[in-house]
Amino acid sequence: MRRTIFDLDVLRTFSTGIELGNFAKAAEKLGRSTSAVSAQLKKLEEQAGTPIFRKAGRGLALTDAGETMLGYARRLLELNDEAAAAVHSIELEGWVRLGLQEDFGENLLPEVLGRFARAHPKVRIEARVVRNAELIERVTSGKLDLALAWSDGTLTAHCERIGEVPMRWIGPAEGAPGWHASTGEPMPLVSLEAPCLLRNAATRALDEAGISWRLAFVSPSLGGLWAATAAGLGLTIRTQVGLPAKVQPLVPEAVGLPDLPKLGLVLHQTEAELQPAAARLAELVLQAVRGALHETAA
């Protein structure tokens, strides 16, 4: 039986197109023509020996085989890029200061820092997991090199918009949500301390829908938010990024809640041209976040 050897360039085109949500954007980013990208995707399906795309309205979606292929493609590309970085940037040294939201701290941070540390053991990383306002203040004052933050519309001098994530009403994973609009009772809201972008979005949506609410629990940390929601003290609002197993997204219509808007995600950096170590870390953060956003959208 002939052994299949997948082309890494083809896998990169495939992975980039899925992450960007558009293969035309992938062609532009990778410096290829759209016809060349189409040829690469055709080659990938031929190598896979099974369809990896299916029609979805006017666009394309992944088949089950395509989802499997995407997972392996990311792993192969990560290992390839890690090996290249380790070989070609073995003398990379310095100090990188990274800030990010709690939503990404538990899952994304260990993965990114692990990959980076293996390839660049001489680089020192300082990571700070704090709220949005502090992230923006620290990156604009030069106390952080990079900051991954939810967007409130504030743009720093050097930032890249990564994408948008739907906000969701969140309730306990076990049992009933404990509240329904039909009861006429104020909705018990579990929230982070003010100021909070998502808290503002929740109260605005409730006010516009004519639904009364009350603050049932206020926490300084995301851990407290999850604990209170899981315990049934009330409902909260977050995205599906980093949700623990003890809570779950709710279907708004099922409990009489309004739909919620999307929340932008931005990577801020303190300089237009980062130092090599910070630039490499930014690249890994973007890869990991785009992968996480694709998984939550699936």
Side-chain angles (χ1 to χ4, degrees), residues 12 15-16 19-21 25-26 28-31 74 77-78 81-82 84-86 88-165 195-198 222 239 241-242 262-294 296:
R12 192 175 302 280
S15 177
T16 302
E19 288 172 1
L20 296 179
K25 292 180 181 178
E28 181 179 350
K29 180 175 180 178
L30 297 172
R74 286 175 174 152
L77 290 169
E78 286 174 3
D81 294 347
E82 185 178 313
H88 298 300
S89 306
I90 197 165
E91 295 303 322
L92 199 61
E93 298 182 19
W95 182 28
V96 184
R97 301 161 301 172
L98 169 68
L100 68 167
Q101 274 277 346
E102 276 190 279
D103 306 73
F104 297 93
E106 185 173 337
N107 298 317
L108 180 138
L109 188 59
E111 174 196 342
V112 170
L113 296 189
R115 290 182 59 196
F116 189 88
R118 287 192 298 271
H120 312 292
K122 295 184 180 180
V123 178
R124 175 187 169 192
I125 301 176
E126 176 187 310
R128 184 174 291 271
V129 180
V130 292
R131 305 279 294 278
N132 251 59
E134 186 174 348
L135 289 173
I136 300 301
E137 185 279 325
R138 284 182 170 274
V139 81
T140 53
S141 63
K143 296 176 184 176
L144 287 175
D145 299 300
L146 301 165
L148 182 65
W150 297 119
S151 174
D152 63 354
T154 301
L155 297 178
T156 54
H158 314 293
C159 62
E160 178 178 350
R161 188 175 182 83
I162 301 173
E164 292 186 326
V165 189
C196 173
L197 292 177
L198 288 95
L222 205 52
T239 72
V241 174
K262 292 185 177 181
L263 186 63
L265 184 62
V266 178
L267 182 65
H268 302 270
Q269 55 189 60
T270 191
E271 299 175 344
E273 295 294 330
L274 294 170
Q275 295 298 314
R280 175 58 183 157
L281 183 58
E283 182 182 347
L284 292 181
V285 168
L286 287 172
Q287 287 177 2
V289 169
R290 284 173 176 147
L293 295 188
H294 173 75
T296 58

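Shortest non-hydrogen contact noted between Gly105 and Pro110 is O-CD, 3.4 Å. In this structure, Leu144 and Leu98 approach most closely via the heavy-atom pair CD2-C, 3.9 Å. The two atoms that bring Ala279 and Leu274 nearest to each other are N-CB, 3.9 Å, heavy atoms only. Heavy-atom minimum distance, Gln269 versus Leu146: CB-CD2, 3.9 Å. Of all the heavy atoms in Ala288 and Glu111, the pair that sits closest is CB-OE2, 4.2 Å. Listed here is the closest heavy atom pair of Ala149 and Leu265: O-CD1, 3.4 Å.
Atoms CD1 and OG, from Ile136 and Ser151 in turn, are 8.0 Å apart once rounded to the nearest 0.5 Å. Rounding to the nearest 0.5 angstrom, the gap separating the CD1 atom in Ile125 from the CG atom in Leu113 is 5.0 Å. The distance from the CH2 atom of Trp150 to the OG1 atom of Thr239 is 3.5 Å, given to the nearest 0.5 Å. Atom CD of Gln275 and atom CD of Glu273 lie 10.0 Å apart (nearest 0.5 Å). One distance of note links CG of Leu20 with OG of Ser15; it measures 9.0 Å at 0.5 Å rounding.
Annotation: side chain of Glu137 is in contact with side chain of Lys143 (closest heavy-atom distance under 4.5 Å). Between Gln287 and Arg115 the shortest side-chain heavy-atom distance falls below 4.5 Å. Between His268 and Leu135, every side-chain heavy-atom pair lies at or beyond the 4.5 Å cut-off. At a threshold of 4.5 Å between non-hydrogen side-chain atoms, the residues Val112 and Phe104 do not count as touching. Side-chain contact check for Leu284 versus Asp81: every heavy-atom pair is 4.5 Å or farther apart. In this structure, the side chains of Val123 and Arg280 stay at 4.5 Å or more apart for every pair of heavy atoms. Residues Ile162 and Val266 fail the side-chain proximity criterion, which asks for heavy atoms closer than 4.5 Å.
Applying the salt bridge (Lys or Arg N to Asp or Glu O under 4.0 Å) rule to pairs touching residues 94-104 yields Arg97-Asp145, Asp103-Arg238, sequence neighbours excluded. The side chain to side chain donor-acceptor pair (under 3.5 Å) analysis of residues 124-135, with sequence neighbours excluded, yields the pairs Gln101-Asn132, Glu134-Arg138.
Salt-bridge formation is not detected for the pair Glu28/Lys25: no Lys NZ or Arg NE/NH1/NH2 atom is positioned less than 4.0 Å from an Asp or Glu carboxylate oxygen.
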For salt bridge (Lys or Arg N to Asp or Glu O under 4.0 Å), just list the numbers for Glu78 and Arg118, CA-CA rounded to whole Å, side-chain angles, deciding distance to a tenth of an Å, and then say yes or no. CA-CA 12 Å; Glu78 286 174 3; Arg118 287 192 298 271; over 6 Å; no
